[in-house]
Amino acid sequence: SQTIHQWPATLVQPVGSPLSLECTVEGTSNPNLYWYRQAAGRGLQLLFYSVGIGQISSEVPQNLSASRPQDRQFILSSKKLLLSDSGFYLCAWSDVGARGYTFGSGTRLTVV
Amino acid sequence: GDSVTQMEGPVTLSEEAFLTINCTYTATGYPSLFWYVQYPGEGLQLLLKATKADDKGSNKGFEATYRKETTSFHLEKGSVQVSDSAVYFCALVASIQGAQKLVFGQGTRLTINP
């Protein structure tokens, strides 16, 4: 069966520090991968998606970047965090036909 | 672009009350529709879905019917429990270059009191 792992679960980082959040998927090949963010009191917003290794598309301009170095690995990064980067970050995957769309357990990031 | 509008919360009900959370959408064509639930401190779980007009999705006593004529997908439950307390998100799937993204409503926080 397919599983999705996301870590860390919580993170407190100072302003200006770098960020790396990792997401891996097991039990499937060539998944579509996504990073969403949920800011406090708001819904979820798609940040990045990837349809293959090295292929990254950004939905909104921001202080973050994403990379897909392997088929089932998706990384969210920042060189210098801002206070506004605080939020709940969710990784997700879907198969090509979007028959299923599965979320990871999320990372709660607090920038102080 | 595609969008989802959800009933604003928070919603507070007593146990065994009837629940309705309204959801309407704007989209090109007839996208699949979803309800996701987020329990405190957790990620999102799929609650139910419907893929075409007049489909009814159901799970754990919750139901929602895909209404093309009113572009709605309201969530209902006949008798809520304390364990249903969570944030509920309505969503549709939209095609983007080679992938599919979920477009979410803003979420509705539901609290059930014993």
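Below, chains carry the letters A, B, ... as their sequence lines are ordered, and counting in each starts from 1.
One hydrophobic cluster, built from ILVMFWY side chains closer than 4.5 Å, cannot hold both B/Phe18 and B/Met7; they sit in different ones. A/Val111 and A/Val60 fall within the same hydrophobic cluster, defined by Ile, Leu, Val, Met, Phe, Trp and Tyr side-chain heavy atoms under 4.5 Å apart, directly or through other members. Residue B/Leu110 is not grouped with residue A/Leu44 when hydrophobic side chains (ILVMFWY) are merged at heavy-atom distances under 4.5 angstrom, including chains of intermediate members.
A/Phe103 has its side chain within reach of B/Tyr36: a pair of non-hydrogen atoms, C-beta onward, lies under 4.5 Å apart.
Surrounding CD of B/Glu16 are at most 12 heavy atoms belonging to other residues, nucleotides or ligands under 6.0 Å away. In the displayed structure, B/Tyr39 atom OH is contacted under 6.0 Å by more than 12 heavy atoms of other residues, nucleotides or ligands.
In terms of the side chain to side chain contact (heavy atoms under 4.5 Å, CB included) criterion, residue partners of B/Thr51 (sequence neighbours excluded) are, by chain and number, B/Ser32, B/Asp55. Every residue two or more places apart in sequence or in another chain was checked for a ring-ring contact (aromatic ring centres under 6.0 Å, His included) with A/Phe88, and none qualifies.
With a 4.5 angstrom heavy-atom cutoff, B/Leu46 does not touch chain A via any of its atoms. Contacts between B/Gln45 and chain A at a heavy-atom distance below 4.5 Å are absent for every atom of the residue. There is no contact between A/Gln55 and chain B, counting heavy-atom distances below 4.5 Å.
The two residues B/Ala99 and A/Asn32 make their nearest non-hydrogen contact at CA-ND2, 3.8 Å. Closest non-hydrogen pair, A/Tyr36 versus B/Leu102, comes out as OH-N, 2.8 Å. In this structure, A/Leu90 and B/Gly43 approach most closely via the heavy-atom pair CD2-CA, 3.9 Å.
Rounding to the nearest 0.5 Å gives a distance of 13.5 Å between CD of B/Gln106 and CD of A/Gln45.
Looking only at distances, no side-chain donor or acceptor of A/Tyr101 sits under 3.5 Å from a matching main-chain atom of B/Val93.
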